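Comments concern the structure below.
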Amino acid sequence: MNLLSIGGSDPSGGAGIQSDIKTFNQLNVHGLTVLTAITAQNTTRFGHIQLATKKMLEEQIKSILSDFRISGIKISMVYDSSTIESLYKHLKGMEVPIVVDPVIRSTTGGVLLRKDAVKNFKKLLIPLATVITPNKFEAEYLTGIKINSDSDIHNAAKKLQNLGAKNVVITGIEKKNKMTDFVYGENFNYTESSKKLISINHGSGCNYSSALICELSKKNTLKQAIRFAKKYTHSSIRQAKSIGKGIAITQNRNQDELISELKQAITQFITIKNAYKVIPECQTNFVYAKINPKSIRDIAGVTGRIVKTKKELEVAGDIEYGGSKHVASALLSVKKEFPSIRSAMNLKYEIQTIDKFKKNKLSILKYDRTKEPKIIKSKEGLSVKWGMSTAIHKVNTIPDIIYHEGDFGKEPMIIIFGERPVDVLQKIKMVLRRV
Ligand code: PLP
């Protein structure tokens, strides 16, 4: 999938186009860029701006639009009226999601949108927005409404919608030690909160809007995309590093590729509405194995599992090799027979869930835990191995699901298998679509 980011260069790599390419890369989409300007800035001060000429700007747009299929666009630093007019001319009528991130001033104080361009920004760019993502200051600046209360936020969001933005997310409002985003959709509104992190940083706004366009373009719902973007940004702020002499730069470090692929799938899973309904008493683990795992130490999982707190899911602990015992050993046993299977997740057993998998024609295996030999029961860690080998004994087709209906004091359980975490996720979505 190709996404286009239109904005300014930030040589510090913390914000702007450079930051967007990093986010796109991390979220497995190809990043295309159109530079509106080159800035000279670092973590302590904002220096000079050199705008792309009108010709250069339009030639960049034409060369990208004439070659690539683009699934979504993010617009950030535009700086002046002429840039806005060129963007409007080329982008109006494009039927892809567009996130407009109204960058007005950098955290280090640089002006990123000229005062005399605000009128055109409102008239031409805001109407292109599928979602506009101002922070509190930007919402105040664009609407002229000073935000001191929920009703001020409501009025500011409505004003931005009246200017033509389909959806509005006003980010980063501090409320009772939480950071709250106010979401105004076409016919709904709600808030999304996370723990407040004490951090002045460079890059979080860019991380948010880039993650948002990625998830929207992957055809997630607006709510899912917003939840993902918030979690992604929260994590990038948590990992922010003081690399230069001034403010910290947000990071979403590219760890081990396997861990990062699993992490992404887990973030997607916990942002699915209703996902909490499939979490068993013993909670859930989501695992991903190296190509030739020798033991569960070669299988990544969540050290404290994915846990349910009321209607929310939380990743407890870290995602690391050896992070799971039971689901990982189930995977290890199944992988021995069916080497292409590298990922698994356990779900709460419900007969309706099995029925939905059957309707979707998944290959389902079952074993009877009441038949487990005493000798297996008496030794810690052998049950899962016994269960899996019993289920796959003399089976030729690759299983999607293996389950058992429990035993005295043992919770029934479903395990979903797939080649990669996205495949497991796909199968879970078959159940959650109709929960
Ligand atoms: N510089 C450029 C080129 C940007 O696009 C942005 C934000 O989008 C910034 C600086 C500001 O980043 P921050 O407010 O995180 O410092």
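All of these numbers come straight from a predicted model, not from anything done at the bench. When a ligand or atom number is given, it counts from 1 through the structure's own listing order.
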**Asked** What orientation do F286 and F269 show, parallel under 30°, tilted 30 to 60°, or perpendicular over 60°?
**Response** perpendicular
**Message:** Between the side chains of E174 and K136, is the shortest nitrogen-to-carboxylate-oxygen separation below 4.0 Å, so that they form an ion pair?
**Reply:** no
**Cationic N near anionic O, under 4.0 Å, K427 to D400** = yes
**Request:** Answer yes when K55 and E59 have at least one side-chain N-carboxylate O distance shorter than 4.0 Å, and no when they do not.
**Result:** yes
Protein N/O near ligand 1 N/O, under 3.5 Å, which pairs?
from     : atom 1 : to   : atom 2 : distance (Å)
ligand 1 : 1 (N)  : Q41  : NE2    : 2.8
ligand 1 : 14 (O) : T107 : N      : 3.2
ligand 1 : 14 (O) : T107 : OG1    : 2.8
ligand 1 : 15 (O) : G203 : N      : 2.7
ligand 1 : 16 (O) : T107 : N      : 3.1
ligand 1 : 16 (O) : T107 : OG1    : 3.0
ligand 1 : 16 (O) : H202 : ND1    : 2.5

**Message:** Does K175 qualify as a cation-pi partner of F182, given the criterion of NZ or CZ under 6.0 Å from the six-membered ring centre and within 45 degrees of its axis?
**Reply:** no
**Fill in**
Residues at least two apart in sequence or cross-chain that pass side-chain hydrogen bond (donor to acceptor under 3.5 Å, both in side chains) with K231, listed by chain then number, are none
